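First comes the structure, then the notes that go with it.
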Number of protein chains: 2
Amino acid sequence: MNVCPPNRSPGCPVEGALDVIGGKWKGVVMFHLLHGTKRFNELRRMMPGVTQRMLTRQLRELEADGLVHREVYAEVPPRVEYSLTAKGETLRDIILALKAWGETHVPYYALSKLGVPETETA
Amino acid sequence: MNVCPPNRSPGCPVEGALDVIGGKWKGVVMFHLLHGTKRFNELRRMMPGVTQRMLTRQLRELEADGLVHREVYAEVPPRVEYSLTAKGETLRDIILALKAWGETHVPYYALSKLGVPETETA
DNA sequence: AGCAATAGTATACAAAATGTCACTATATGC
DNA sequence: GCATATAGTGACATTTTGTATACTATTGCT
């Protein structure tokens, strides 16, 4: 059962997929975009801890990988909207599975599941 | 629509999950272990491109996260076997989903699915 | 005696990812 | 005039990740 090509860069399909969503903030960005189009600062506010710089970079990489669409409106206070592409949508189930897994298996979240009134996911 | 805690380290459950399998080789290691217990060098041979050091590190981190079990046999030529823990098994579906996604959406694999017999690339 | 295989560790270093901080431009509100 | 908000960019520092190489110890093979 050979699963990997001899010695290519994205060693495995698994690796290739992780290259795409493995960035520190990419998964979270994708998750938020699952809920619909978001503006830059809107995303930023949803992700405390991310810096402008990092958010920009992660979004650009997601855009380069064809998962996210970037729409710029030439308005007076600049407006840029990010949304999932069709390809990005194909990751929906995986992102949701990762979220579910994190909630039950990452200590911090597993704990908060025990008593904290969880806010909705929609 | 608050999905993230105020400003905690593993920003989101999604992020927490990716922290765990996001390492460069972790996904692949997990994938190989899905097929059963493997010895150190066995894994190494399955993953051309990984160095001894990196494989050791990734395995130790997976062990620390409770996903992988490390069994050392005090034998003459050392033998160490790695296997998934119950917690590691909970990632099975996600790993397989990542693999499937990679196969259809990562250019390199999407191509090889079409019949390109690229078994040699130096 | 010399070599390979086992599963690593130690050291040194290079590169990539991530992070901080300051800065841009324009318009509105005070 | 100054602060705010918008969506960034540029220089730089740090952290993480990765590489190369040599080294450990034991035993079997030749």
Side-chain angles (χ1 to χ4, degrees), chain A residues 4 7-12 14-16 18-30 32-33 37-65 68-83, chain B residues 7-12 14-16 18-30 32-33 37-65 68-83 122:
Chain A
C4 287
N7 51 1
R8 284 301 305 120
S9 310
C12 269
V14 180
E15 203 47 56
L18 284 174
D19 279 353
V20 165
I21 53 163
K24 180 150 184 198
W25 305 99
K26 289 186 190 174
V28 195
V29 168
M30 293 293 289
H32 287 301
L33 291 183
T37 297
K38 298 274 177 293
R39 299 181 55 169
F40 183 84
N41 275 358
E42 205 173 350
L43 281 171
R44 193 147 81 98
R45 280 187 291 264
M46 286 171 153
M47 302 154 64
V50 78
T51 56
Q52 244 172 352
R53 188 86 155 80
M54 279 314 299
L55 184 53
T56 301
R57 282 205 216 165
Q58 303 280 288
L59 284 167
R60 291 295 145 85
E61 287 179 30
L62 289 171
E63 196 193 354
D65 285 327
V68 158
H69 173 70
R70 179 167 177 263
E71 184 81 40
V72 184
Y73 297 85
E75 291 180 4
V76 171
R79 182 158 63 103
V80 179
E81 290 187 345
Y82 292 92
S83 54
Chain B
N7 52 1
R8 284 303 306 121
S9 310
C12 270
V14 181
E15 202 47 54
L18 284 173
D19 279 352
V20 164
I21 52 163
K24 178 148 183 200
W25 305 99
K26 290 186 191 175
V28 196
V29 169
M30 294 293 289
H32 288 301
L33 292 182
T37 296
K38 297 275 176 294
R39 299 181 57 170
F40 184 83
N41 275 356
E42 206 173 348
L43 280 171
R44 192 147 82 97
R45 280 186 291 263
M46 286 172 154
M47 301 154 63
V50 78
T51 56
Q52 240 174 356
R53 189 181 218 277
M54 281 312 299
L55 184 52
T56 301
R57 280 204 219 167
Q58 303 280 290
L59 283 166
R60 290 296 145 84
E61 286 179 31
L62 289 170
E63 196 193 355
D65 284 328
V68 158
H69 173 69
R70 179 168 178 264
E71 184 82 38
V72 184
Y73 297 85
E75 290 179 3
V76 171
R79 183 157 63 102
V80 180
E81 290 187 346
Y82 293 91
S83 55

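Nothing here was measured: the structure is a model prediction, and the numbers come from that model. Each chain gets a letter, A, B and so on, in the order its sequence line appears, and its residues count up from 1.
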Give the nucleotide from the list C/dT6, D/dA7, C/dA7 with an atom nearest to the side chain of B/Arg45.
-> C/dT6

Among C/dG19, D/dG18, D/dA22, which nucleotide sits nearest the side chain of B/Gln52?
-> D/dA22

Distance in angstrom units between A/Leu59 CG and D/dT6 P, rounded = 15 Å

Between D/dT26 atom C1' and B/Arg79 atom CZ, what is the distance in whole Å?
-> 16 Å

So do B/Val20 and B/Lys26 actually touch side chain to side chain, heavy atoms under 4.5 Å?
-> no

From CD of B/Glu75 across to C1' of C/dT6 the rounded distance in Å is 10 Å

B/Arg44 side chain near B/Val50 side chain, heavy-atom distance below 4.5 Å = yes

If only side-chain N and O atoms of B/Arg60 are considered, is one of them under 4.0 Å from the OP1 or OP2 phosphate oxygen of C/dG8?
-> yes

Residue pair A/Phe40 / A/Thr56, side-chain heavy-atom distance below 4.5 Å = yes

Step by step, would you call B/Val28 with B/Met46 a side chain to side chain contact (heavy atoms under 4.5 Å, CB included)?
-> CA-CA 9 Å; B/Val28 196; B/Met46 286 172 154; over 6 Å; no

Please report, rounded to the nearest Å, how far the P atom of D/dT17 is from the CG atom of B/Leu62.
-> 12 Å

Candidates D/dT19, C/dA7, C/dT9 - which lies nearest the side chain of B/Phe40 = C/dA7

Closest listed nucleotide, where the reference is the side chain of B/Thr56 and the choices are C/dA7, C/dT9, D/dG8 | C/dT9

Side-chain contact, heavy-atom cut-off 4.5 Å: A/Met30 with A/Leu62?
-> yes

What nucleotide, of C/dT6, D/dG18, D/dA7, holds the atom closest to the side chain of A/Pro78?
-> D/dA7

If you check the B/Val80 side chain, which of D/dT6, C/dG8, D/dG18 turns out closest?
-> C/dG8

Pairwise 5' ranking along DNA chain D for B/Gln58 and A/Arg70, keeping only the more 5' one = A/Arg70

Min side-chain heavy-atom separation B/Val29-B/Met47 under 4.5 Å = yes

Is A/Tyr82 touching bases, backbone alone, or none of the nucleic acid, heavy atoms closer than 4.0 Å?
-> sugar-phosphate

Counting any heavy atom closer than 4.0 Å, what does A/Glu81 reach on the DNA or RNA strands: base, sugar-phosphate only, or nothing?
-> nothing

How close or far is atom P of D/dA7 from atom CE of A/Met54, stated in whole angstroms?
-> 18 Å

Do the side chain of A/Arg53 and the base of D/dG8 come within less than 3.5 angstrom through a donor-acceptor pair of N or O atoms?
-> no

Under 4.0 Å: is that the gap between some side-chain N or O of A/Lys24 and OP1 or OP2 of D/dT15?
-> no

Looking for any heavy atom pair under 4.0 Å, which part of the strands does B/Arg44 touch: base, sugar-phosphate only, or nothing?
-> nothing

Rounded distance (Å) that lies between atom C1' of D/dG8 and atom CZ of A/Arg39 | 13 Å

B/Leu55 atom CG is separated from D/dT17 atom C1', nearest whole Å, by 15 Å

Winner on side-chain proximity to B/Thr51, out of D/dG8, D/dA20, C/dA7, is D/dA20

Check the distance between D/dA5's P and A/Glu42's CD and give it to me in whole angstrom.
-> 15 Å

